[in-house]
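None of these values were measured; they are calculated from a predicted model. Residue numbering restarts at 1 for every chain, and letters A, B, ... go by the order of the sequence lines.
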Amino acid sequence: MIASLATFSSVIETLGIVAFAMSGVFAALGKKLDMFGVLVIAFVTSVGGGTVRDLLIGATPVAWLKDTHTLQIILVTTILTLLLRKRIGNFQRTLMVFDALGLGLFTVIGIQKGLAFGLNPGVCVALGTISGCFGGVVRDILLNHIPALFHAKELYATTCIAGGTVYFLLNGVLDQEAVQTIAALVISSFRIISYLRKWHLPSL
Amino acid sequence: MIASLATFSSVIETLGIVAFAMSGVFAALGKKLDMFGVLVIAFVTSVGGGTVRDLLIGATPVAWLKDTHTLQIILVTTILTLLLRKRIGNFQRTLMVFDALGLGLFTVIGIQKGLAFGLNPGVCVALGTISGCFGGVVRDILLNHIPALFHAKELYATTCIAGGTVYFLLNGVLDQEAVQTIAALVISSFRIISYLRKWHLPSL
Amino acid sequence: MIASLATFSSVIETLGIVAFAMSGVFAALGKKLDMFGVLVIAFVTSVGGGTVRDLLIGATPVAWLKDTHTLQIILVTTILTLLLRKRIGNFQRTLMVFDALGLGLFTVIGIQKGLAFGLNPGVCVALGTISGCFGGVVRDILLNHIPALFHAKELYATTCIAGGTVYFLLNGVLDQEAVQTIAALVISSFRIISYLRKWHLPSL
């Protein structure tokens, strides 16, 4: 059961890495970058959130340095996305679902890493949100935008904060696997619903 | 005596966090960010300098992760500043004084942290300056400006360098509390005077 | 022999620091920064790549904090470059050669630091490339550009990746000093040749 959950997580994590890298490639294409630039943008979109988290808590070398696969997955994703970019453009909804799955999983991974470092719940929710969302922030800084996360009014960081709150409401009540699964599903499904229904933050 | 000095520092530190967060909120308001974006900008303006310092020396988890209060102070400050923003706009001079107090204290905290890590005086002054000034640099990067610190010609980083030099001239001559207090006061008062008299760096 | 190699490396490292700092000063001059801003830009151009590398692997305090000379070399370089900037403008080719020498050496230093942390070859090549190239990326972020490294189509990061590949092809075949020297020379000479012949990455 735990093994199959771990396998399941690892499949979702790969889908999330791929979806984030693809969104990086599409963002980079609008800016006339060269091949190396597109690859770096795909890379930071995918691993930037986890990297910022690992730097802040001191979990170094950061995760992708200790791992032979992440660099390879992102390289292959970038090349395939560039080759097939016209066809992929028709699958925006599929990509959004992958992105939402990745968002849920990455947020939960960030929360657990914070707990493993003995940090308090409010800080863990912030770390989870950073894990899920800050790849896009680093991408937008490199592409010389104000990060979309800060002005788009979409429920993106908000879903991570909501899911993180659910995590700590259930923590200790249910067992670990259940808490993680429910929190990740809350984030993913809330993200998908808010996207489809065009829910927004209130204006200031 | 030491206890009352510590309490006094902690009051000044809170005033500094509040002043820096408020300046972040006002900077963010000009950019049409959403609620989450304003909160992040307030946050990085307030803790960004100390975070960069802690990352560079490897004092991780960085300070605000180990602390339950900083996140809460900044959250409350952001909400109150948004609600009361028209009234607060009339208190720019008061805010500038808080900011100058925070600048002096944060710089001295940075210098001491450098010393605790066994770094040499020149490097400690650089770390103190980063602690005091780089929250504004990270804020300006996120808001897609060239950092004001690099072109405004105000005596801002310069006051930190001057105060840091005073610190090491007095270090070993006077006792620790006296050195820290004098260096922080030199920075705060030099900052206030240079602001009121509009002193500037010479043009290149 | 080893001593003289170390001295030779240290001369090249200083030349690289100087060349990178000078390129930072020239980039900053176009942006009407004040004296402090020019100094920070020179500094991050010079040590930014190694700093990003050290943060990612957790080699903290980062290299320039433990070293009394780097800050001084960059300070002196910045002042002399500002004073002599009209004359230096005629020596662009000389500067480019220093920059290429620094690029080769910094990349090899990055690879070796990755190996010392037990990281795999692909990741070490990425770290070497970051060491050589990301000072310019941080400089461009601070100057509010999309990093030139990502769109200029020059063979810059590509030369680091090529030289890193040579490093691991020869590693274990030749002795350590030979591998390092050859890899650094491959990067420097490939960079100089591609610059003079205006070689570019293919368009997307």
Rounded to the nearest 0.5 Å, how far does SG of Cys160(A) lie from CZ of Phe36(B)? 8.0 Å
Pick from Asp54(B), Thr51(B), Leu33(B): which one has the most heavy-atom pairs with chain A under 4.5 Å? Leu33(B)
Residues two or more places apart in sequence or in another chain: which of them pass side chain to side chain donor-acceptor pair (under 3.5 Å) with Gln180(B)? Gln176(B)
Quick one: of Leu56(A), Leu127(A), Leu201(A), who has the most non-hydrogen atom pairs under 4.5 Å with chain B? Leu56(A)
Interface residue of largest heavy-atom contact number with chain A, from Val62(B), Leu65(B), Leu82(B), under 4.5 Å: Leu65(B)
Residues in residues 104-117 of chain A near chain B [non-hydrogen atoms, under 4.5 Å]: Phe117(A)
Just checking heavy atoms, which of residues 135-156 of chain A are less than 4.5 Å from chain B? Val137(A), Ile141(A), Asn144(A), His145(A), Ile146(A), Pro147(A), Leu149(A), Phe150(A), His151(A), Ala152(A), Lys153(A)
Can you tell me if NE2 on His69(A) sees more than 12 non-hydrogen neighbours from other groups inside 6.0 Å? no
Please enumerate all residues that pass side chain to side chain donor-acceptor pair (under 3.5 Å) together with Ser131(B), with sequence neighbours excluded. Arg53(B)
